[in-house]
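Note that ligands are numbered from 1 as they come in the structure, with each ligand's atoms numbered from 1 the same way.
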Amino acid sequence: MQMLKVHNLHKSYDGKEVLSGVSFEVKKGEVVAVIGPSGSGKSTVLRCLNLLEKIDRGTIVVGGEVMADTTGEGKVLYAPEAHLRKIRLRLGMVFQNFNLFPHFSVLQNITEAPVHVAGMDRSKARDLAMELLEKMGLSDKADAYPYQLSGGQSQRVAIARALAMKPDILFFDEPTSALDPELTGEVLKVMRVLAAEHMTMVVVTHEMNFARDVADRVIFMDKGQIVEQGNPRELIDNPSNERIRAFLRNFS
Ligand code: ADP
Ligand code: MG
């Protein structure tokens, strides 16, 4: 079953095109890693899906529901506001810098959206949050505040917070890039657990070992386009494309 379809996505900033016809699909339960040089448009794709940016052209379909489409005349039509918000809730986002609410405890960070956006009963949201914290190995941090956490702990809270909304797809934008090297492992570990549970995930990452071992498919982006996508081992270990080879040389 198809969870996400992005077709012919175009996006410009100040007349400069940063996405030039990006198309890909994600199936239910699939883990897709997105790799590519800095500035290639990876975050912009996620921001367009997240409605933080409007697209200039293209189609976005989430779980069979059309979020945005483009007419024959090139006019972009978004779903009505209320419907859009509902579709948006199916997409979970985890960012490089965690973006936790600093004045909320860990528990409040996780229960805020389920209670105030999804209308979940407060005690149910609390139970769910505790369950997720246990899964993240952070049961003892429920009452802590973000400033008391390490980067790795903060990112695991951010993952729990995203999961609390029970998204259909979880997007990660370089989730370990802001972490000290010794803390990336604990975040990648919980992501591996989610992948093993067949959570549908799209992970923008520079962690090539993670992409190779965990992803079902790798997408390589360069200069606003998907240059190639395919089997992680073939694409990473034996790339035929010179742009991918040049990119990967920076990691060895
Ligand atoms: P990546 O995540 O692959 O590093 P980005 O999607 O962040 O790449 O950026 C793609 C291109 O778009 C870059 O050239 C970047 O400078 C440009 N860009 C991103 N956001 C903006 C913005 N808000 N205004 C102008 N240019 C932007
Ligand atoms: Mg980026």
- If you count the non-hydrogen atoms of other residues, nucleotides and ligands that lie under 6.0 Å from CG in D143, is the total more than 12?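 At most 12 heavy atoms, drawn from other residues, nucleotides or ligands, come within 6.0 Å of this atom.
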- Message: A quick test of your reading: do over 12 heavy atoms of other residues, nucleotides or ligands sit less than 6.0 Å from CZ of R122?
- Response: no
Examine ligand 1 and decide if any of its atoms is less than 4.0 Å from a heavy atom belonging to [X].
X   : result
G41 : yes
R47 : yes
P37 : yes

- What protein N/O/S atoms are found closer than 2.8 Å to the Mg ion (ligand 2)?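 Under 2.8 Å from the Mg ion (ligand 2) - ignoring waters, which are not counted - the protein N, O or S atoms are S43 OG.
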For residues [X] and [Y], is any side-chain donor paired with an opposing acceptor at under 3.5 Å?
X   : Y   : value
N50 : R47 : no
D69 : T59 : yes
N8  : S23 : no
H83 : E65 : yes

- Query: Taking only heavy atoms of V18, which atoms of ligand 1 are found under 4.0 Å from at least one of them?
  - Reply: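 Contacts of ligand 1 toward V18, numbered from 1: 11 (C), 12 (O), 17 (C).
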- Query: For ligand 1, which atoms have a heavy atom of S40 less than 4.0 angstrom away?
  - Reply: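 Matching atoms, with element in brackets: 1 (P), 3 (O), 8 (O).
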Starting at [atom1] of [X], measure out to [atom2] of [Y] and round the result to the nearest 0.5 Å.
X    : Y    : atom1 : atom2 : answer
L9   : E53  : CG    : CD    : 11.0 Å
T176 : L183 : OG1   : CG    : 10.5 Å
E25  : Q229 : CD    : CD    : 9.0 Å

- If you link ILVMFWY side chains whenever their heavy atoms are less than 4.5 Å apart, which other residues fall into the same cluster as V117? By chain and number, please. L89, M165
- Item | Side-chain touch F172/V204, heavy atoms, less than 4.5 angstrom | no
May I ask you to identify the nearest protein heavy atom to [atom], giving residue, atom name and distance to one decimal place in Å?
atom                    : answer
atom 23 (N) of ligand 1 : Y13 CE2, 3.6 Å
atom 14 (O) of ligand 1 : K16 NZ, 3.3 Å
atom 7 (O) of ligand 1  : S43 CB, 3.7 Å
atom 3 (O) of ligand 1  : K42 NZ, 2.8 Å
atom 4 (O) of ligand 1  : G39 N, 2.7 Å

- Message: For T44, which part has a heavy atom under 4.0 Å from ligand 1: side chain, backbone, both, or neither?
- Response: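 Both backbone and side chain.
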- Message: Which heavy atom of V94 sits nearest to which heavy atom of A162, and what is that distance?
- Response: CG2-CB, 4.0 Å
- atom 18 (N) of ligand 1 within contact range, any protein heavy atom under 4.0 Å: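 There is a protein heavy atom less than 4.0 Å from atom 18 (N) of ligand 1.
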